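As structure tokens, the structure follows; a few thoughts come after it.
Predicted model only: the values in this text are computed from it and were never measured. Quick note: numbers below take in every heavy atom, side chains included, and nothing from hydrogens, waters or symmetry partners.
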Amino acid sequence: TGIFVIANNGGYGVDRCLSGGEPCGAPVATAYCQAQSFALARSFRKVDRDEITGAVPASTGACHGGACDEFVAIECSR
């Protein structure tokens, strides 16, 4: 398995589907996993910036027009 933390501005529909817990999240998470050479998504959830270990680039987590970037953790399996 692999766990990936991505920002909602990554172009995968994270802002609407994954971070909001919407039903469209499962196929979006699976598509992301498949793009990373995994078979499917086991889980996905919104994560707070303080849950992320390691470096988060300064360009992420910015706020634009009152909306701030969010982060999602996707657990993928082979």
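Not counting sequence neighbours, the partners of Phe38 by the ring pair (Phe, Tyr, Trp, His ring centres under 6.0 Å) test are Phe4. The side chain to side chain contact (heavy atoms under 4.5 Å, CB included) test applied to Ala73 returns Ile3, Val5, Val47, not counting sequence neighbours. In this view, Thr1 and Arg42, Glu75, Ser77 satisfy the side chain to side chain contact (heavy atoms under 4.5 Å, CB included) rule, not counting sequence neighbours.
Taking each heavy atom of Ala41 and Ile74 in turn, the nearest pair found is CB-CG2, 4.2 Å. Ala29 approaches Phe44 most closely through the heavy-atom pair CB-CD2, 3.8 Å.
A side-chain donor-acceptor contact under 3.5 Å links Arg78 to the backbone of Ser37.
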Query raised in the report: Going through the checks in order, is the side chain to side chain contact (heavy atoms under 4.5 Å, CB included) test met by Tyr32 and Ile6?
Result: CA-CA 10 Å; Tyr32 183 85; Ile6 59 173; 3.3 Å; yes
